[in-house]
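Quick notes on the structure that follows.
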Amino acid sequence: MTEGTLDVAIVGCGIIGVNHARAIALIPGMRITALVDEVPAATERLAALIVDELGGERPTTHAEIEAIPDGVSVVVICTPSGSHVELAERAVARGMHVVLEKPLDVSMARGRRLAEIARDAEARGIRISVISQHRYDPGAVAVAEAAHTGRLGRITSAVATVPWWRSQEYYDSGAWRGTWELDGGGAVMNQGVHTVDLLLWFLGTPVEVFAHTALLAHERVEVEDVAVVTLRFGSGALAVLHATTAAFPDQPVRVAVHGAQGTGIVENDQLAHLWVDGETIDRTADWVPAGHRLGDERDPQAFADGHARQYADIVDSIRSGRPSRVGVPEALMALATVRGIYVSATTGSPVRIADLIDGTVDDSEVRTGGIA
Ligand SMILES: NC(=O)c1ccc[n+]([C@@H]2O[C@H](COP(=O)([O-])OP(=O)(O)OC[C@H]3O[C@@H](n4cnc5c(N)ncnc54)[C@H](O)[C@@H]3O)[C@@H](O)[C@H]2O)c1
């Protein structure tokens, strides 16, 4: 049991680091006392925002995790995706709880290594949580509950689409964006991993994926801007996933889960429809009251609210000693699914997810555009 205020360090003070600062400001019993970034101007900008906008005390600023003051108990990692595991290891070595931004990392070798470290760390009372804020949206919670309690009947299929637009300026805005080494993929890894994670939460363990990917509307990018995927799950359920950053203008993200007794549909993070128990009456308002609408994630406060919902779970897990709802095992399965999609698109063959989890299939050489 951890009592008292939890002192937090944010590592990586870019776009999402700012969002974590806004979210943590909403959580009683947490305060940001240290900031780390390899670019001093980034720590300075976020320190000023914490004092001027969020009413916090000025945190100390550092270039390395090793320089974080000893009293800090939670390290939040908000750096480019390919650096997540290495930085998490360094925080765990200091005995600190870790919150990692999604995705877990970009390579299965590093993902497996963190899974081992996490098993040992959890046994020593160190919690490692991975951000997947949409698992905490009331609409997604309703669909998961209906699916897991059998109210949808046998789950038969799902259709998920992430039809977004990202400009060339977006990809040009950071040297790491759109690279295999640090972004680890494109429309599926960066933008679509939330939706992949929801599919896995709703439908269970994925068995096999088959995918095509392509780069069609951007330049100076190594990764895909469009992907289409079929997935087969351990329950027998089948799903299709479409993810793109080349659909102008942004269209709603949608996940539809179909069962023999009902259907649940999440659209733009809200519950759009829910039929349960073999009845043809739409029960949406019974599961998520009509007045309960989430804000648009493009609004900074609504974006922070999403992360704050997950922080409430993370803080409770640290204080009570139970694992958090989204930890390394869940994030490793989502990573294996995304990397499996890239291996399949590269080889032109279906890929078994278990082979990525145990390392039988190597994901280190993947390409956009599939087999030549
Ligand atoms: N959960 C979400 O909805 C969500 C949204 C956006 C981004 N993300 C994730 O957050 C991560 C960061 O994305 P971003 O858009 O904030 O990127 P960004 O480029 O805006 O910020 C990254 C920051 O990390 C710093 N940095 C890089 N390497 C570092 C290191 N080794 N040590 C310390 N600092 C380092 C950079 O200087 C930069 O300030 C990515 O993994 C991304 O997938 C999640």
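Just so we're clear, the structure is a prediction, and the values are computed from it rather than from any experiment. In each ligand, atom 1 is the first atom listed, and ligand 1 is the first ligand listed.
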inquiry  = Below the 3.5 angstrom mark, is there an N/O of Ile16, backbone or side chain, next to an N/O of ligand 1?
reply    = yes
message = If you measure every N or O of Val11 against every N or O of ligand 1, does any of those distances drop under 3.5 Å?
response = no
Determine, using heavy atoms of [X] and all atoms of ligand 1, whether some pair is separated by less than 4.0 Å.
X: His194; result: yes
X: Pro103; result: yes
X: Glu297; result: no
X: Ser83; result: no

query = Between the side chains of Asp197 and Ser132, is a donor N or O closer than 3.5 angstrom to an acceptor N or O?
reply = yes
message = Would you say Thr263 and His258 are linked by a side-chain donor-acceptor pair, where the criterion is simply a distance under 3.5 Å?
response =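 Yes, side-chain donor-acceptor contact under 3.5 Å.
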Which residue and non-hydrogen atom of the protein lie closest to [atom], and at what distance in Å?
atom: atom 22 (C) of ligand 1; value: Cys78 O, 3.8 Å
atom: atom 30 (C) of ligand 1; value: Glu38 OE1, 3.6 Å
atom: atom 42 (C) of ligand 1; value: Lys102 O, 3.8 Å
atom: atom 44 (C) of ligand 1; value: Glu101 OE1, 3.1 Å
atom: atom 13 (O) of ligand 1; value: Trp176 CZ2, 3.6 Å
atom: atom 21 (O) of ligand 1; value: Gly14 CA, 3.3 Å
atom: atom 18 (P) of ligand 1; value: Arg177 NH2, 3.9 Å
atom: atom 35 (C) of ligand 1; value: Thr79 CG2, 3.5 Å

task = With heavy atoms only and a cut-off of under 4.0 Å, state how Ser81 meets ligand 1: side chain, backbone, both or neither.
result =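 Under 4.0 Å from ligand 1, Ser81 contributes backbone and side-chain atoms.
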task = For ligand 1, indicate whether the residue Ala63 contacts it via side chain, backbone, both or neither (heavy-atom separation under 4.0 Å).
result = neither
request  = Dump the intermediate steps for side-chain hydrogen bond (donor to acceptor under 3.5 Å, both in side chains) on His20 and Glu101, then the final yes or no.
outcome  = CA-CA 10 Å; His20 279 262; Glu101 253 305 339; 2.8 Å; yes
So if I count the atoms of ligand 1 from 1 in the order they appear, which ones are less than 4.0 Å from some heavy atom of [X]?
X: Gln133; result: 1 (N), 2 (C), 3 (O)
X: Val39; result: 37 (O)
X: Phe303; result: 3 (O), 5 (C)
X: His307; result: 1 (N)
X: His84; result: 41 (O)

State plainly whether the residues [X] and [Y] are in salt-bridge range, i.e. N to O under 4.0 Å.
X: Arg322; Y: Asp313; result: yes
X: Arg22; Y: Glu53; result: yes
X: Arg110; Y: Glu89; result: no
X: Arg309; Y: Asp305; result: no

task = Evaluate the salt bridge (charged side-chain N to carboxylate O under 4.0 Å, His left out) criterion for residues Arg90 and Glu86: first the C-alpha distance (whole Å), next the side-chain angles of each, then the deciding distance (0.1 Å), finally the verdict.
result = CA-CA 7 Å; Arg90 285 163 56 187; Glu86 191 226 316; 2.9 Å; yes
key: Option with minimal heavy-atom separation from atom 23 (C) of ligand 1, where the choices are Leu35, Leu100, Asp37   = Asp37
request  = Taking the six-membered ring for Trp and the single ring otherwise, decide whether the centroids of His307 and Phe303 are under 6.0 Å apart.
outcome  =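 Yes - the distance between ring centres of His307 and Phe303 falls below the 6.0 Å cut-off.
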key: More than 12 heavy atoms of other groups within 6.0 Å of Glu57 CD   =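 No - once you tally the heavy atoms of other residues, nucleotides and ligands closer than 6.0 Å, there are 12 at most.
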message = So for atom CD, which belongs to Glu181, do other residues, nucleotides or ligands contribute more than 12 heavy atoms lying within a distance under 6.0 Å?
response = no
ask   = If Ile, Leu, Val, Met, Phe, Trp and Tyr residues are connected whenever their side-chain heavy atoms lie under 4.5 Å apart, and connections chain through other members, are Ile16 and Leu335 in the same group?
value =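 No, no single cluster joins them.
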query = Can the positive tip of Arg166 be found less than 6.0 Å from the middle of the six-membered ring of Tyr170, inside 45° of the ring normal?
reply =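 Positive - Arg166 is close enough to the ring of Tyr170 and near enough to its axis.
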